[in-house]
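One structure is given here, and the rest of the page talks about it.
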Amino acid sequence: MGNQVIRVLLADDEPMMRAGARAILSADQEIEVVAEAADGCQAVEMVHRHQPDVALLDVQMPLLDGLDATSEILRSSSRTAVIIFTTFSNDDYIARALSNGASGFLLKSGDPRELIAGVHAVADGAAYLSPEAAHRVIRGLSLENMSRKSAAREQAARLSGRERVVLGLLGAGLSNAQIARRLDLVEGTVKTHVSSILRRLDVGNRVQAAIIAHEADLITAAD
């Protein structure tokens with residue numbers, strides 16, 4: 001994002017939670033809260049109206065929950081990244097959030113610095129999970145059998161050699177700008193590679209591609 005201000009939408013049905021999140025984010029001069037919503041439908045509407053860089057959504061909201069709102073937002077807005085910001089850390093919420101296209105998953109009980117770091121990360125095109133969510137995702141992957149690894153390797157085999165390297169770096173959590181610096185490329189070329197990777201892997205976002213990178217054991221090659 002460079003020196004540009006990151007524009008954020010807050011969606012939570014509890015005013016105190018919104019006020020707390022706003023106070024934390026307002027401490028960072030590079031972040032501006034441009035709108036608030038009290039339910040999922042309002043969140044979708046506010047995204048259409050304000051086109052924020054990041055939408056921070058609670059899971060349990062009236063009318064439309066945060067997980068379904070994520071799908072609606074990403075279906076209609078190509079510029080807004082979604083972070084699920086919730087009290088609940090069960091595996092089903094994490095899995096649904098990621099499969100619906102969320103770029104981040106944060107817990108309200110976490111360190112306030114994680115909230116600021118997460119907003120910056122997803123605004124820069126990377127993914128961000130709270131430590132507990134990341135642990136659950138990794139644990140879930142480790143429990144999968146070899147057929148998942150085999151399927152991931154078959155998917156990765158659709159990519160060119162350079163695309164597999166980019167996928168490995170993407171899976172390691174690097175943003176487009178960081179990948180460009182690592183590979184001595186212009187950022188536009190990296191964006192083209194990432195778009196091609198998502199299309200060839202038949203996935204909807206970077207988080208899903210990163211999971212394939214882990215399952216296909218491409219992360220080690222990126223180090």
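- In this structure, Asp68 pairs ionically with Arg96, as a charged nitrogen and a carboxylate oxygen lie closer than 4.0 Å.
- Contact of the Asn205 side chain with the Leu198 side chain is not registered, since no non-hydrogen atoms from C-beta on lie closer than 4.5 Å.
- Of the possible donor and acceptor atoms, none in the side chain of Arg7 sits under 3.5 Å from a partner among the backbone N and O of Val54.
- Heavy-atom minimum distance, Val47 versus Ala55: CG2-CB, 4.3 Å.
- Considering all non-hydrogen atoms of both residues, Met46 and Ala35 come closest at SD-CB, 4.3 Å.
- The shortest side-chain heavy-atom distance between Ile84 and Val59 falls under the 4.5 Å cut-off.
- Environment of CZ in Arg158: crowded, with over 12 heavy atoms of neighbouring residues, nucleotides or ligands closer than 6.0 Å.
- In this structure, Arg22 does not pair ionically with Asp12, as no charged nitrogen and carboxylate oxygen lie closer than 4.0 Å.
- A distance-only check finds a donor-acceptor pair linking the side chain of Gln42 to the backbone of Ala38 [under 3.5 Å].
- Formation of a donor-acceptor pair under 3.5 Å by the Thr80 side chain with backbone atoms of Pro52 is found in this model.
- There is no path of hydrophobic side-chain contacts, each under 4.5 Å, that joins Val34 to Ile24.
- The heavy-atom pair separating Ser130 from Glu114 by the smallest distance is CB-OE1, 3.7 Å.
- Between the side chain of Asn100 and the backbone N or O of Leu67 there is at least one donor-acceptor pair closer than 3.5 Å.
- For the pair Val44 and Ala69, the tightest heavy-atom approach, listed with the atom from each and the gap, is CG2-O, 4.1 Å.
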- Could you please spell out the steps behind the side chain to side chain contact (heavy atoms under 4.5 Å, CB included) verdict for Arg206 and Ser103? CA-CA 7 Å; Arg206 296 171 70 98; Ser103 296; over 6 Å; no

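- Here the shortest heavy-atom pairing between Gly171 and Ala210 reads CA-CB, 3.7 Å.
- Atoms CG and NE2, on Leu170 and His193 in that order, are 12.5 Å from each other to the nearest 0.5 Å.
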- Please assess Asp58 against Met17 for the test side chain to side chain contact (heavy atoms under 4.5 Å, CB included), listing each intermediate value before the final yes or no. CA-CA 10 Å; Asp58 185 24; Met17 285 295 182; over 6 Å; no

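- A salt bridge links Arg153 to Asp217: one of the charged nitrogens lies within less than 4.0 Å of a carboxylate oxygen.
- A donor-acceptor pair is defined here as one N or O able to donate and one able to accept, closer than 3.5 Å; such a pair exists between the side chain of Gln155 and the backbone of Leu201.
- Counting heavy atoms from C-beta outward, His120 and Asp28 have side chains that approach closer than 4.5 Å.
- Remark: the backbone N or O of Thr192 is not paired with any side-chain donor or acceptor of Ser196 at under 3.5 angstrom.
- There is no side-chain donor-acceptor pair under 3.5 Å between Gln208 and Ser99.
- Shown are Ile6, Val122, Asp124; of these, the side-chain contact (heavy atoms from CB on, under 4.5 Å) with Asp53 is made only by Ile6.
- No side-chain donor from either of Asn176 and Arg181 sits under 3.5 Å from a side-chain acceptor of the other.
- For the atom pair CG (Leu25) and CG (Leu56), the distance works out to 6.5 Å, reported to the nearest 0.5 Å.
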- Applying side chain to side chain contact (heavy atoms under 4.5 Å, CB included), run through Val203 and Ile212 and close with a yes or a no. CA-CA 10 Å; Val203 296; Ile212 292 174; 3.8 Å; yes

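- Rounded to the nearest 0.5 Å, atoms CD1 (Ile197) and CZ (Arg162) are 10.5 Å apart.
- Between the CG atom of Asp13 and the CG atom of Asp65 there is a distance of 11.0 Å, given to the nearest 0.5 Å.
- Separation of atoms CD1 (Ile31) and CD1 (Ile116) is listed at 5.5 Å; rounding is to 0.5 Å.
- Separating the CD atom in Glu163 from the CG atom in Leu218 is a distance of 12.0 Å, to the nearest 0.5 Å.
- Using a 4.0 Å cut-off between a side-chain N of Lys or Arg and a carboxylate O of Asp or Glu, Glu14 and Arg18 do not qualify as a salt bridge.
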- Task: Evaluate the criterion side chain to side chain contact (heavy atoms under 4.5 Å, CB included) for residue pair Phe105 and Tyr128; output intermediate values, then yes/no.
- Result: CA-CA 7 Å; Phe105 193 99; Tyr128 194 93; over 6 Å; no

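- Scanning both residues, Leu183 and Val165, for their nearest heavy atoms gives CD2-CG1, 3.9 Å.
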